[in-house]
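Residue numbers start from 1 in every chain, and the chains themselves are labelled A, B, ... in the order their sequence lines are given, proteins ahead of strands. In this text the structure is predicted, and so the values were computed from the model without any measurement.
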Number of protein chains: 2
Amino acid sequence: MTRVLIVEDEPQLRRALGINLHARRYDVVTVADGGGALRAAAANPPDLVILDLGLPDMDGVEVIHGLRGWTQVPIIILSARDGQDDKVDALDAGADDYLTKPFGMDELLARIRAALRRAQPNEDAPVITTETFTIDLAAKRVTRADVEVRLTPTEWHLLEVLTRYPGRLVTGKQLLQEVWGPTHGVETNYLRVYMAQLRRKLEAEPAHPRHLITEPGLGYRFEP
Amino acid sequence: MTRVLIVEDEPQLRRALGINLHARRYDVVTVADGGGALRAAAANPPDLVILDLGLPDMDGVEVIHGLRGWTQVPIIILSARDGQDDKVDALDAGADDYLTKPFGMDELLARIRAALRRAQPNEDAPVITTETFTIDLAAKRVTRADVEVRLTPTEWHLLEVLTRYPGRLVTGKQLLQEVWGPTHGVETNYLRVYMAQLRRKLEAEPAHPRHLITEPGLGYRFEP
DNA sequence: CTGGGGCGCTAGGGAACCGTCAAGATCGTC
DNA sequence: GACGATCTTGACGGTTCCCTAGCGCCCCAG
């Protein structure tokens, strides 16, 4: 879960932010001053920081520097001051975004999403693991006993379609149309050949497959 | 030099932005509408886009989508509207930042610096090291056995995109579009030529590459 | 027991893809 | 305007991949 560190001295706003973010399924940690922020971030590195500039114990820019000394976590600034100099200083110190109070919760949430999206270049880590092999769909990479297995484009395409419906039956016609195009639907010999190759490359005993299962007369099934 | 694409229909503001950014040593390209923005970006991919949402010919969010279809270039939104929905839509469409008019030039410049700083992939590893060569992304330098290797701009750009996804497969189409612009997607000649040059300059045995790997029919992979 | 259908498996020809080289075109600089 | 560096384009073998045909196995029905 995404951990958000909220640094805000006003109890009311701190509470409102915590409730709203918690409702959005963020893992929320709240602190009231800069020293607490640095300690909390060090003890439990967050994925995003929401930082009020007007803190009682230290200057907000100091907090930014304290974080930027060792982490690149996205920092979103909240501030009551609308002065340009404040914004410039905070952004140049390494902040990622700046909101002036009063602000709307929807805008803050959108900016949080944007900051997280930037920080993590669209990596929704779709990794599928079985006893004998591991499939990393994003990296297009299959390893078996820590050894990389090379798949051809067609083999990949077929495996991708099968893993899209884990544990469920996929008919031969559907596989053919997804991989070879809508005009194909009956040439089941393609399937037999490529399923055999996939099993040979992935299964421990290709003659007795445990994950790429044949459903006679119907189609195939991928069993995680 | 850093190329900035300014999309602004008001002639006066367009001119002011151009002058200010040019004075800051940015390479400035200005257009007045959304269609021109997409064409200009395609012809000459910029390093950053400043986009006014209130364009005469098309909705600003459409322009964002048109760019996000093929590039991760930072986009900063300018808008006269202060509505939350506008901001949410733009940021969710893939914009990186949002300024409401009127804004100060210093703040815009600070946000530009912040966006460019974020765009640089030196968040985790400004220096990538392999057995045979070292890549310093921040300094744009490559050394091999402590000797600096000279790369042409295109070679560097290609290497940058590959190293942005270490260990992951990058398709030929994606490489072509990131380096040569969205209109290129099939001229795989370019890729073959430049991959060969990179391998000749970086790999110990260019005929048997260990870090710049070909995945036949799929694309290429940078192996750290 | 026998024949047939569905499925697994292998090998080979042709096509697509890739690495390489070289020459022309283009750009920037002096 | 000349020069060097860079980018583009085309062509050539070598490699990989896709498709096809054929054969053997298993199961089951006749």
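- Partners of A:D92 according to the side chain to side chain contact (heavy atoms under 4.5 Å, CB included) rule, which considers only residues two or more places apart in sequence or in another chain, are A:V88, B:A110, B:R113.
- Annotation: side chain to side chain contact (heavy atoms under 4.5 Å, CB included) contacts of A:R221 (sequence neighbours excluded): A:I213, A:E215, A:E223.
- Residue pairs that meet the ring pair (Phe, Tyr, Trp, His ring centres under 6.0 Å) test with at least one member in residues 203-224 of chain A, sequence neighbours left out, are A:F133-A:H211.
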Anything under 3.5 Å between a protein N or O and an N or O of nucleotides 27-30 of chain C, put it in a table, one pair a line.
none

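- At a threshold of 4.0 Å, the pair B:R81-B:D86 counts as salt-bridged, since one of the basic side-chain nitrogens sits closer than that to a carboxylate oxygen.
- Here A:R210 does not pair with A:E205 in a salt bridge; the nearest charged N to carboxylate O distance is not below 4.0 Å.
- One atom, CG of B:L198, and another, P of C:dG19, lie 12 Å apart when rounded to the nearest Å.
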Protein-to-nucleotide contact annotation, 5' to 3' order, nucleotides 9-22 of chain D [B base; S sugar-phosphate only; - none; under 4.0 Å, heavy atom]: BBB----SSBSB--
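- Counting non-hydrogen atoms under 4.0 angstrom, B:T188 reaches nothing in the nucleic acid.
- For the OP1/OP2 pair of C:dT10 and a distance below 4.0 Å, the side-chain nitrogens and oxygens of A:R200 include at least one atom meeting the criterion.
- The distance between atom CG of A:L212 and atom C1' of C:dC7, rounded to the nearest whole Å, is 15 Å.
- Under the rule for a salt bridge (Lys or Arg N to Asp or Glu O under 4.0 Å), A:R24 has no partner lying at least two apart in sequence or in another chain.
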